[in-house]
Structures are given as C-alpha cells and as structure tokens.
**Student:** 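I'd like to ask you about the structure that follows.
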Amino acid sequence: MNILAIESSCDETAAAVVVDGRIVRSNVVASQSELHASTGGVVPEVAARAHLRMLVPVIRQALNNAECTWSDLDAIAGTSGPGLPGALLIGFNAARGLAFARDLPFIPVDHIEGHVRANWLGDEEPPLPALALVVSGGHTELILIDENGFFERLGGTRDDAAGEAFDKVARLLDLGYPGGPVVSQLAAESTDRSFRLPRAWLTGTDDFSFSGLKTAVLHTVQDDGAPPPAEIAWAFEDSVADVLSKKAVRVAEREGVTSLLVAGGVAANSRIRELIIERSSVPVFIPPPELCTDNAAMIGAAAGVHLDQAVRPEVAIDIDPTPYRSKVRPLE
Ligand code: KG4
Ligand code: ZN
C-alpha cells in the first residue's frame, strides 16, 4: 500500500511516500523558516502563498526520490488540521485534487496524530497502552493511547505552546527564528548553570503553562544585572525540560502505560530528550529529529492506520483548523 502524503499546516511544505504506514520511501520537506525569519514568526498569508509556490516541486521530488510513478500509488493523504487555515487549504486541496484526478481514495489526517504516529516509522513498534507528549510550535498535548489505539487528550498548555515559548524567548534574546535550535545552541555554551527560572507545575492537573516563564525571561533580560544570554537560555531550557519530563513521567506512571512517546518539533531538543529518558521507568520512543519537526512521512504513517477513513475525493469535505481534541476512534 503506497500512500502519497502531503503536509502544509504551518510553515513546512512537505510530501512523502510511505508504505503500509511503516516504511518511508521518500520524505521531502521545504522549510519556510528563512522566509519567516525577518518577521520573527509565521505570517499566515505569507506561509500559504509559499506553500502554493513550493508544493508541486516538493511532490515531484517525493515521487522521484521514492522511484514511484503515479500508477504505483494506492491512496493520497492530506493534513486536515489543526493548523493555519490558509496554509492547510493548499496541501489538503492539492491532495484531494490529485486523488480525484487519479481516482484514488483520499485520507484526511489529523496533524497531531501524525506527530504521534512518527513513532511507528522506526524498527520497533511502540507497545500500547502508551502516553504521548506532543510538543511543537503550536501544541503541547498529553494524550493517552489505550490498548485498542483510542486517543484521549488528558491535558495540554493553557497559554503558549512549548515551541512558541522557545520562539518568543529567541526573539527576546535577539536570536532569530525558529527559536528552538538557536536557544538550545546558546544554552549549550553556558558555563555557569546556577541561574534558575521559575517552573509552573499546575499541580493536580495534566495541563501546562509557559507564559509566566516567558515573562520571567523578559524581566531578566530587562534587568541591569542580568546574567549573560547563554545562562538565561540554559535556565529557560532547563525549566521547560524539567516540567515537561516530570509531568509526562508522572502521568505515565499514574496511567500504568507501557511506553512513553514524545513527538513534535520540540522533541528534537536534546535536553528534553535526555531528561525524559533519564526519568522514565517505561521505554521511551522519540523519532529522529527530522521526523519530529513537521514532515509528511508522519502524515503517511497515520494515514496507513486510517484507511477506514478514506473518502472518495468528490464528497464534500472541509479542513478542521481548530485546536486538537480527543479523537475517540481506533487507530487500527
Ligand atoms: O512540529 P513543528 O515543526 O511545527 C508545529 O507543528 O508547530 O515544531 C516547530 C517548533 C518551533 O517552535 C521550534 O522552535 C521548535 O519546534 N523546535 C525546537 C527545537 N527544534 C525545533 N525547540 C526546542 N529545541 C529544539 N532543538
Ligand atoms: Zn507540527
């Protein structure tokens, strides 16, 4: 089962060919980060128009890299949301249009399920039940996946997403966009690691909050006696990693899961990876960095277990850009 998957929910234009939801034959990503660097964040219309320019070459490259012709394809998948509406529409409608032209089934895929499903693209299949921590530029979600593959959202951020906090702190420290990798790089250069920033535990809930931490960074930067930027970056990264890892591990223990899955762009962060692996008592699954940030292979992975949701491309169908909700339905 060869699935061509297309992703355009935010600022990466991506296409991939994935076999049976498990094997990546090609995975092409055109990042718009340079385009958004001058504004320090994604401008939705700029993102949508860049998708329009990049999509056809990206799809062609994905087919070429997979050594696939149109007639080798069995289905086409597209991200339906969450995401920026204008950006989503470009990839979703291209995927649906191609399915229509080729008379193939069309599979709409939830972007968050895609991030989680990137953990099925490795050699080893994660055992269920599992707890998934999805941390990206737009999301911080804790999702319980039961033994039948039902997704249930347990909690998430009440304000900024973890990646959004990295991006905003990068702006405060004048480091550019996207913030995660540059903040992390600067943090690694710190020599004195005694400066600490607050942690919002939100005890008694499975929720997170990062806006207070961001404000604490702002006040620190404005202070005359502020520590050097590398020490601020370290203290910020350590606070995010401490809260994410401790809460995820605690919830995993409470729910009695057999594996802990981490996904999303922020899962590329080495401090976060390190602390989660160190603290977890169950096996931890984290995709390689290129499958953590937005890509279409993960959409192909989710599509592979959602063949039952395939629709004929001519049916009336819409994107769903709204934030992630529990999707109570089986994965396979
Ligand atoms: O999953 P993703 O590519 O897009 C969304 O769905 O949002 O995540 C992008 C986010 C950005 O906020 C970026 O700053 C963050 O992931 N990120 C990182 C790292 N690499 C990317 N955050 C922390 N450390 C990193 N190494
Ligand atoms: Zn994402």
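For ligands, and for the atoms within them, numbers begin at 1 and follow the listed sequence.
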**Student:** Compile the donor-acceptor pairs under 3.5 Å between side chains in residues 34-46 and protein atoms, sequence neighbours left out, one pair per line.
**Tutor:**
unit_1, atom_1, unit_2, atom_2, d
H36, NE2, Q32, OE1, 2.8
T39, OG1, H36, O, 3.1
T39, OG1, G41, O, 2.9
E45, OE2, R49, NH1, 2.8

**Student:** Is the cationic atom of R117 (NZ for Lys, CZ for Arg) positioned less than 6.0 Å from the six-membered ring centroid of W120 and within 45 degrees of its normal?
**Tutor:** yes

**Student:** Determine whether the side chain, the backbone, both or neither of H139 has a heavy atom under 4.0 Å from any heavy atom of ligand 1.
**Tutor:** neither

**Student:** Report the residue from T13, I90, V28 that forms a side chain to side chain contact (heavy atoms under 4.5 Å, CB included) with M54.
**Tutor:** T13

**Student:** What residue and heavy atom of the protein are closest to atom 24 (N) of ligand 1, and at what distance?
**Tutor:** N269 ND2, 3.0 Å

**Student:** Are Y324 and F151 an aromatic pair, judged by ring center distance below 6.0 Å?
**Tutor:** no

**Student:** With the Zn ion (ligand 2) as the reference point, give the N/O/S atom of D294 that is nearest.
**Tutor:** OD1

**Student:** Name the closest protein heavy atom to atom 22 (N) of ligand 1, giving the residue it belongs to and the distance to 0.1 Å.
**Tutor:** G180 CA, 3.2 Å

**Student:** So if you build clusters from Ile, Leu, Val, Met, Phe, Trp, Tyr with side-chain heavy-atom gaps below 4.5 Å, do I319 and L52 land together?
**Tutor:** no

**Student:** Is the Zn ion (ligand 2) under 2.8 Å from any N, O or S atom of C10?
**Tutor:** no

**Student:** Quick test of your reading of the structure: of D294, I112, D11, whose heavy atom lies closest to atom 3 (O) of ligand 1?
**Tutor:** D294

**Student:** Considering distance alone, does some N or O of D167 sit under 3.5 Å from an N or O of ligand 1?
**Tutor:** yes

**Student:** Who are the side-chain contact (heavy atoms from CB on, under 4.5 Å) partners of R250, not counting sequence neighbours?
**Tutor:** K246

**Student:** Would you tell me which option among A161, A187, P82, G137 has the nearest heavy-atom contact to atom 7 (O) of ligand 1?
**Tutor:** G137

